[in-house]
Protein chains: 2
Amino acid sequence: MFELFEKYLRSKAAFTAEEMQQIEAVTTIKRLRKRQFLLQEGEVWTYNAFVSKGCLRTYSVDTKGAEHILTFAVENWWIGDLQSLASGLPARFNIDAIEDSVVLLIRKEEFDRLCQVIPALQQLVNALLHRSFLAQQNRIHTTISHSAEEKYRLFLQNFPEFARRIPQHMVASYLGMTTETLSRIRRNLV
Amino acid sequence: MFELFEKYLRSKAAFTAEEMQQIEAVTTIKRLRKRQFLLQEGEVWTYNAFVSKGCLRTYSVDTKGAEHILTFAVENWWIGDLQSLASGLPARFNIDAIEDSVVLLIRKEEFDRLCQVIPALQQLVNALLHRSFLAQQNRIHTTISHSAEEKYRLFLQNFPEFARRIPQHMVASYLGMTTETLSRIRRNLV
DNA sequence: CCGTTTTTTTGATAAATGTCAATGGAGATG
DNA sequence: CATCTCCATTGACATTTATCAAAAAAACGG
């Protein structure tokens, strides 16, 4: 499973064979069955996690028991609770697998140490953070300025793959609407 | 006006006198009157901008003429259109002053060059990006999981200063609701 | 293949929020 | 001081979205 990660890394920046070995040395593989938790609210998240197969989600559960999905992650995406990772505080979010999945884990301390030693890795992290920032900004903008139907249309445009793989009630949760509303929107769509 | 920026920088990381001079050498001051544009939709944004006095907003205007405010920035905040800055494409957003303001500008090429030479500056940028990422994630979570009233309550908690300085119809826009809705929420608040 | 669970859809109704039009106040400006 | 613009509020009403309950459809597990 490391090969997919290696391929991803090489597509993003130039790594020497030795650097790649260093990375592999600290990477562990975790297989998750559908519905299995990678992180549960209240635990502390101490990894960087790369999805090499499958699909996961980050979500919270409110006082009424309703779930609110913050992010999805499929192959070649990273996932985790940066808030908990950075603060060392218990996570406010859950992460679980939507499909049977494989994630690669690197413990924070080791990842940070590697970033010091491997400039390409540090650059990759910075670029990733930068792109994520812009993506989140777009999501905020869409969320505050469009109707439910428009949000769904944009979601289809931006993430056609998510729309194919992910149950609709989860898409609805991600978009901040109920599953009934999304169902009715779809009915009225072309 | 550079002194305020210097103070901010020193509060975030350790800079040598020479590094500080290098930064000052590329910094220009721009004074803006209330309502004056710092960036207009369609222009390309090529700066990093630090607010040393006043208050500004980033917003878009939709096809119906409605404004949607993406961010506010007061003293010691950065502002700009990262999307345009990174891509070199025309900005989708406007930035203008809500109060008479002073911003410090550093051209992108010079800023990037300084980041190469001054590790503390690069670190500051990374830390800032990291914090912004988390802040945006919180905003997304709030937006998709709370009612209009709850969003306003959380806004008051998180940004009491904004609530004091910024006209209510702009707060409403930032929260993704109409000014009438916000007015009614406030009436029903304790 | 059958029973079970999950997911999606539908209908009836309620609640939240938006739209439009009007008003009054506060502050800026000449 | 008079005028003007911006801002906040209010009321009436329309629209959007949520809620609750139920059923149909699809996916899953043994």
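So that the names make sense, note that chain A is the first sequence line, chain B the second, and so on, each numbered from 1.
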Q: Indicate the ring-plane relationship of B/F2 and B/F5, choosing parallel, tilted or perpendicular according to the 30° and 60° boundaries.
A: perpendicular
Q: For the residue pair A/Y59 and A/F37, categorise the inter-ring angle as parallel (less than 30°), tilted (30 to 60°) or perpendicular (more than 60°).
A: parallel
Q. Which part of the nucleic acid does A/E180 contact within heavy-atom distance under 4.0 Å: base, sugar-phosphate only, or nothing?
A. base
Q) So what does A/K34 hit on the nucleic acid, given a heavy-atom distance under 4.0 Å: a base, only sugar-phosphate, or nothing? A) sugar-phosphate
How close or far is atom [atom2] of [N] from atom [atom1] of [X], stated in whole angstroms?
X      : N      : atom1 : atom2 : result
B/K151 : D/dT17 : NZ    : C1'   : 12 Å
A/D62  : D/dA18 : CG    : P     : 13 Å
B/N188 : C/dT17 : CG    : P     : 11 Å
A/R187 : D/dA25 : CZ    : P     : 15 Å
A/Y152 : D/dT17 : OH    : P     : 15 Å
B/L182 : C/dG18 : CG    : P     : 10 Å
A/E150 : D/dT16 : CD    : C1'   : 12 Å
A/I166 : D/dA26 : CD1   : P     : 20 Å

**Q.** Contact nearer the 5' end of DNA chain D, comparing A/E149 with B/M170
**A.** B/M170
Q: Test the A/R139-A/Y174 pair against the cation-pi criterion, namely NZ or CZ under 6.0 angstrom from the six-membered ring centroid and within 45° of the ring axis.
A: yes
[N] OP1/OP2 closer than 4.0 Å to side-chain N/O of [X]:
X      : N      : value
B/Q168 : D/dT9  : yes
A/T178 : D/dA18 : yes
B/R184 : D/dT9  : no
B/S147 : C/dA16 : no
A/T181 : D/dT17 : no
A/R186 : C/dT7  : no
A/H169 : C/dT8  : yes

Q: Sort out for me which residue in A/K34, A/R165, A/M170 forms a side chain to side chain contact (heavy atoms under 4.5 Å, CB included) with A/I98.
A: A/M170
Q) Among D/dC6, D/dA8, C/dT6, which is the nearest nucleotide to the side chain of B/R35? A) D/dC6
Q: Check B/Y152 against B/I185 and note the closest heavy-atom contact, atom names and distance.
A: CD2-CG2, 4.1 Å
